[in-house]
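See below for the structure under consideration.
Protein chains get the first letters and strands the later ones, always in sequence-line order, with residue 1 at the start of each. Fair warning: this is a prediction, and the values are worked out from it, not measured in the lab.
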Amino acid sequence: MIEEALLEINRGTAEIIDIERIEKLLKAYFDEGKNYTVKAGFDPTAPDLHLGHTVLLQKLATFQKFGARVQFLIGDFTATIGDPTGKSATRKVLTPQDIAKNIESYTSQAFKILDESKTDIVYNKEWLDALGSVGMLQLASNLTVARMLERDDFSKRYASQTPIALSEFMYPLLQGYDSVHLKSDIEIGGTDQKFNLLMGRQLQKSYEIKKQQAVLMMPILEGLDGVQKMSKSLGNYIGVTDAPNDMFGKILSISDDLMWRFYELLSSKTLNEIADLKTGVSDGSLHPKSVKEALALEITTRFHSEDAANNAKSEFDKVHSKSQIPTDIPEFSCEGEVWIAKALLDCALEPSTSQARRDIKQGGVKINQEKVADEKLVLTTGEYLLQVGKRKFAKLKVN
RNA sequence: GGUGAGGUAGUCAAGUGGCCAACGACGGCGGACUGUAAAUCCGCUCCCUACGGGUUCAUAGGUUCGACUCCUAUCCUCACCA
């Protein structure tokens, strides 16, 4: 029983510190029904979750199956500082209003994966506000600058002469203090959070909590480019709230290599099933595209529905495999005659008339399926189907 | 507080008086091709009804026929010293 749980907990993890602690907690749960707490912090700087976040959420859900109460920590206080992790520049500071708005949509998305009845949403503003400047300085005395600079991204930024705001040094401390206040048994986070996660252990010790939290780290899910971590600001993400068609298409666009990462970290298939798929592809009995489609279907179904996923698949086939016109096309209308480049700009197909002209010259613009050759073309009254490139469409009605 | 280095398009990064709307790389976009929005190859990549015009190289002034390049002030970053 414990072995099974451990196996599932282990899946896909990058590193676990103090696995013995986790074993003990599981044992206490299976033997005596004792619950324990697993903390995970979420930074409400962006209102939408993406698949990268769901890697953590799924792991939390796994813990919930084995007796954990999840401390879903919203870093509303720390968000006003901005986590320096992985950032080459100082982050913008959010207003409380922004944060409140983000939290709302954030949690509702999270409960698509988490069991709400086993989750406590906590806000670190609650206790960090109360800390005051005295408490803050006491906290800060636990750490030296040299130690802080050990942190990889700090030293990198320092070396590359990118600014580090002094306030950013406080972030790991505050995150660690969260673990002190919550007396967390386990904390999970991405590998990029290692320093912060360990800070929790160190501070728990300093504040004389008998048992320090175990730490479980998940690898960082790569974004669509397959290189950088999935993140909203890099624009390489698949959002939980993405429309089914987008979600499906984005997953299908990832490289064949990256597909296996997604399988490991996101799919609910067992590791054995995934291994079978892998051998199938390498010996040629399975087509990589169909394997990727299966993944896209699974994920799209999870966040939408099976119907939506199947529709997305047929829509994708229609538009991309057969180069047909998609079903839903945004519609626009305008008064009087329009110059083609201006029309493309107004329909949001192009960012500027200059870009529109370039695309026309290169043969990338079609009206009613026909290539436009004349960049001075003027559209008169009527309805047009405008197309830029392979997948940008708009209907325009000229009155 | 002192001294030195530096701030160039989405990012990184050349350019040190005219040849600069500004090399190159990445990204992005278009085309060809394909199992895909993958890979590869080719082209484009500030704005403007446009063989021309306008606005750019931290900000504000100045020198000059002419400045991203020189001068002055200001803001910001980094290093060393205190």
Atom NZ of residue position A/Lys101 - does it have more than 12 heavy atoms of other residues, nucleotides or ligands inside 6.0 Å?
no
Closer than 3.5 angstrom, by distance alone: can the side chain of A/Asn35 be matched with the main-chain N or O of A/Arg69 as a donor-acceptor pair?
no
Using the C1' atom on both, measure B/C20 against B/U56 and round to a whole Å.
11 Å
Base, sugar-phosphate, or nothing for A/Lys390, non-hydrogen atoms under 4.0 angstrom?
base
Does a sphere of radius 6.0 Å around CD in A/Glu370 hold more than 12 heavy atoms from other residues, nucleotides or ligands, not counting ones at 6.0 Å or beyond?
no
Who is the Watson-Crick or G-U wobble partner of B/U56, with both distances under 3.5 Å?
none
Can you tell me the pairing partner of B/A50 across any strand shown, Watson-Crick or G-U wobble, with both distances under 3.5 angstrom?
none
Residue matched to B/G17 through Watson-Crick or wobble contacts both under 3.5 angstrom
none
Pairing partner of B/U36 (Watson-Crick or G-U wobble, both distances under 3.5 Å)
none
Tell me, with the steps shown, if A/Lys397 and A/Glu331 meet salt bridge (charged side-chain N to carboxylate O under 4.0 Å, His left out).
CA-CA 8 Å; A/Lys397 193 173 178 182; A/Glu331 296 183 29; over 6 Å; no
Would you mind pulling out the nucleotide paired to B/C70, Watson-Crick or G-U wobble, both distances under 3.5 Å?
B/G62
Cation-pi between A/Lys366 and A/Phe393: NZ/CZ under 6.0 Å from ring centre and within 45° of the ring axis?
no
A/Lys392 near the nucleic acid: base, sugar-phosphate alone, or nothing, with a heavy-atom cut-off under 4.0 Å?
sugar-phosphate
Sticking with atom P, work out how far B/A38 lies from B/C29, rounded to a whole angstrom.
9 Å
Classify the nucleic acid contact of A/Arg391 as base, sugar-phosphate or nothing, counting any heavy atom under 4.0 Å across all strands shown.
base
Quick one: label A/Glu350 by what it contacts on the DNA or RNA (base, sugar-phosphate, nothing), any heavy atom closer than 4.0 Å.
nothing
Who pairs with B/A5 - Watson-Crick or G-U, where each distance is under 3.5 Å
B/U77
Would you find more than 12 non-hydrogen atoms of other residues, nucleotides or ligands less than 6.0 Å from A/Glu104 atom CD?
no
Need one value for A/Asp256: base, sugar-phosphate or nothing, where a base atom within 4.0 Å counts as base even if backbone is also close, heavy atoms only.
base
Want to settle it: does A/Lys371 or A/Trp339 sit nearer the 5' end of RNA chain B, counting the closest nucleotide to each?
A/Lys371
G-U wobble or Watson-Crick pairing nucleotide for B/G24 (cut-off 3.5 Å, both distances):
B/C12
Taking atom C1' in both B/U55 and B/U11, what distance in whole Å separates the two?
22 Å
Range on RNA chain B touched by chain A - first to last nucleotide, heavy-atom distance under 4.0 Å
B/C29 to B/A79
Under the criterion salt bridge (charged side-chain N to carboxylate O under 4.0 Å, His left out), I'd like the reasoning laid out for A/Glu23 against A/Lys27: C-alpha separation, chi angles, the key distance, then a yes or no.
CA-CA 6 Å; A/Glu23 278 173 33; A/Lys27 192 165 177 354; over 6 Å; no
Sugar-phosphate only, base, or nothing, as touched by A/Gly249 at under 4.0 Å among non-hydrogen atoms
base
Identify whether any heavy atom of A/Ser352 sits under 4.0 Å from a base atom; if not, whether one sits that close to sugar-phosphate; answer base, sugar-phosphate or nothing.
sugar-phosphate
Which of these, A/Gln204, A/Gln71, A/Lys39, sits in a side chain to side chain donor-acceptor pair (under 3.5 Å) with A/Ser184?
A/Gln71
Heavy atoms only, 4.0 Å cut-off, all strands: where does A/Lys292 land among base, sugar-phosphate and nothing?
base
